[in-house]
Q: 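Just passing along the structure, written as structure tokens.
FYI, side chains are in, hydrogens and waters are out, and symmetry mates aren't considered; it's all heavy atoms of this structure. To find a chain, count down the sequence lines: A is the first, B the second, and so on, and within it residues start at 1.
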There are 2 protein chains.
Amino acid sequence: MTEPRWLNADERRAWLALLSINTLLPAALDNQLHTAGKVSLFDYNVMAMLSEAEGRFLPMSQLAARTSSSLSRLSHVVAKLEKRGWLERRPHPRDARVTTAHLSDVGMATLEALAPGHVEAVRTKFLDALTERDVNDLARIGEKIVARLDDDHWILRETESRP
Amino acid sequence: MTEPRWLNADERRAWLALLSINTLLPAALDNQLHTAGKVSLFDYNVMAMLSEAEGRFLPMSQLAARTSSSLSRLSHVVAKLEKRGWLERRPHPRDARVTTAHLSDVGMATLEALAPGHVEAVRTKFLDALTERDVNDLARIGEKIVARLDDDHWILRETESRP
DNA sequence: GTGCGTCACTTGAACGCTCAACCACGCTCT
DNA sequence: AGAGCGTGGTTGAGCGTTCAAGTGACGCAC
């Protein structure tokens, strides 16, 4: 049983900052989205990911990967959004195990109505605090951390060349 | 109504990475703490902040600030930890409005038992992915973001010289 | 010294998330 | 063809968080 390596000053600063961001930033963005349209940040993201997909639909498991969520959490949320008429679930034609979530026209319209306020909030709460160089550094560092947590996370494949 | 400024490539990368980290990192650390001792990351942090305070106690509102949480959330959690015998609530002697949360000896012992595994997890899930320079950059950038979200957040006063 | 506004918290209900159990399907092996 | 295993997804219970409302206590004005 060897003595653990405690955090040095910079490590502690980085960790505490990340921890704070982690609770403050989602809260701030949730807040804006909730007052603008009774939607959580996660709800928004689910719809945004669908809106960017080919045909505006994705299998549940791929949608879960794109939102970094568990299938269980996603299932509950999709059920909620479906009740509001923003999404529709359909069985996959070739594989009866998979369900695909489709963004409806109403859902797309809702998303488009919410989008400007949301990106504006992302800017004012977060990006506006940073220089261009900071943003670049953060993207690089952030992706390293994501890779450590999930080495084939989809965001790592977005721009990368495939073999 | 002007056209909103959408995110450029780097901004999008930084934002998506932060969003993913935000869900994956707490989940990973929660997991480790929960299997090691039925404690959430937030529970741990509450106790850690108390352990570092003078006399191992803090008024609820200061503890809330140090954990970036609402007073309501903290109140519920402190009640839970108090039931486990790790904390104790006492009225403030001079101001009857304030309650102070005191870390008990049992709580301190629990924290010390959990700490090595926790910092190890912080390293393996997060810090080990980064170079020394990355850690430094992240600390700087992270603090800028925190400042934007809450301009007198306590972590910004830790090392800074006071007027 | 009596209102009256504010501060520091607490509470309960509604909602969201996690975890474990479950079901249905497809694939592989024999 | 059928047994067994892995995959994709759903469900319900339990717990955690948020939100709005409520309770005292302090402090300032007059």
Q: Check the angle between the aromatic planes of A/F57 and A/H102 and answer parallel, tilted or perpendicular using the 30° and 60° thresholds.
A: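 Answer is parallel, since the angle falls under 30°.
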
Q: Quick one: A/H92 NE2 to D/dG9 C1', roughly how many Å, whole number?
A: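 Result: 14 Å.
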
Q: May I ask you to verify whether the side chain of B/H76 and the base of C/dG12 hold a donor-acceptor pair under 3.5 Å?
A: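 Indeed, a donor on one side and an acceptor on the other fall under 3.5 Å apart.
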
Q: Report the distance from atom CG of B/L41 to atom P of C/dT18, rounded to the nearest whole Å.
A: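 These atoms are roughly 13 Å apart.
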
Q: Can you tell me if B/R73 touches the phosphate of D/dT17, counting only side-chain N or O atoms and a distance under 4.0 Å to OP1 or OP2?
A: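 Answer yes for this pair, as a side-chain N or O of B/R73 is under 4.0 Å from OP1 or OP2.
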
Q: Does B/T99 put a side-chain nitrogen or oxygen below 4.0 Å from OP1 or OP2 of C/dT10?
A: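 Yes.
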
Q: Output the rounded distance in Å from CZ (B/R94) to P (D/dA25).
A: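 It works out to 18 Å between those atoms.
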
Q: Relative to the 5' end of DNA chain C, which residue comes earlier, B/N31 or B/V98, by the nucleotide with the nearest heavy atom?
A: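 Here B/V98 is the residue nearer the 5' end.
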
Q: Whole-Å distance between C/dT18 P and B/L33 CG?
A: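 For the pair B/L33 CG and C/dT18 P, the rounded distance is 16 Å.
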
Q: Nearest whole Å is fine: how far is D/dG9 P from A/L63 CG?
A: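 Those two atoms, CG and P, are 10 Å apart.
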
Q: Looking at every non-hydrogen atom in both residues, tell me the closest pair between B/V146 and A/S20 and how far apart they are.
A: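 Smallest interatomic distance, heavy atoms only, reads CG2-CB, 4.0 Å.
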
Q: Evaluate the side-chain proximity of A/V46 to A/R66: yes if any heavy-atom separation is below 4.5 Å, no if none is.
A: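 No, side chains not in contact.
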
Q: Does A/T131 offer a backbone N or O that forms a donor-acceptor pair with the side chain of A/D134 under 3.5 Å?
A: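 Present.
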
Q: Roughly, in whole Å, what's the span from NZ in A/K83 to P in C/dC15?
A: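 Distance check: A/K83 NZ to C/dC15 P gives 11 Å.
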
Q: For A/H34 and for A/S75, locate the closest nucleotide of DNA chain D by heavy-atom distance; then report the residue assigned to the nucleotide nearer the 5' terminus.
A: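 That would be A/S75.
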
Q: Measure NZ/B/K80 against P/C/dT11 and give the value in whole Å, please.
A: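 My rounded result for the distance is 16 Å.
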
Q: Under a 4.5 Å cut-off applied to non-hydrogen side-chain atoms, are A/R73 and A/S68 in contact?
A: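 Side chain of A/R73 against side chain of A/S68, heavy atoms only: no contact under 4.5 Å found.
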
Q: Of all the nucleotides listed (D/dC26, D/dT10, C/dG26), which has the minimum atom distance to the side chain of B/R97?
A: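 In terms of side-chain proximity for B/R97, the closest of D/dC26, D/dT10, C/dG26 is D/dC26.
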
Q: Would you say A/S61 reaches D/dG9's phosphate, i.e. side-chain N/O to OP1/OP2 under 4.0 Å?
A: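 The answer is yes; a side-chain N or O of A/S61 sits under 4.0 Å from OP1 or OP2.
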
Q: Picking from D/dT18, C/dG26, D/dA25, which would you name as closest to the side chain of B/D95?
A: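 Nearest to the side-chain atoms of B/D95, counting from C-beta on, is D/dA25.
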
Q: Under 4.0 Å from OP1 or OP2 of C/dT10: is there any side-chain N or O of B/R89 that close?
A: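 For B/R89, the contact criterion (side-chain N or O under 4.0 Å from OP1 or OP2 of C/dT10) is met.
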
Q: With a 3.5 Å cut-off and heavy atoms only, can you find an N or O donor on one side and an acceptor on the other between the side chain of B/S72 and the base of C/dT11?
A: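 Yes, a donor-acceptor pair under 3.5 Å.
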
Q: In whole angstroms, how far is the P atom of D/dC15 from the CZ atom of B/F42?
A: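 In whole Å, D/dC15 P and B/F42 CZ are 19 Å from each other.
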
Q: Report the nucleotide, chosen from C/dT10, D/dC26, D/dG9, that has the shortest atom-to-atom distance to any side-chain atom of B/L71.
A: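 Nearest to the side chain of B/L71 among the choices is C/dT10.
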
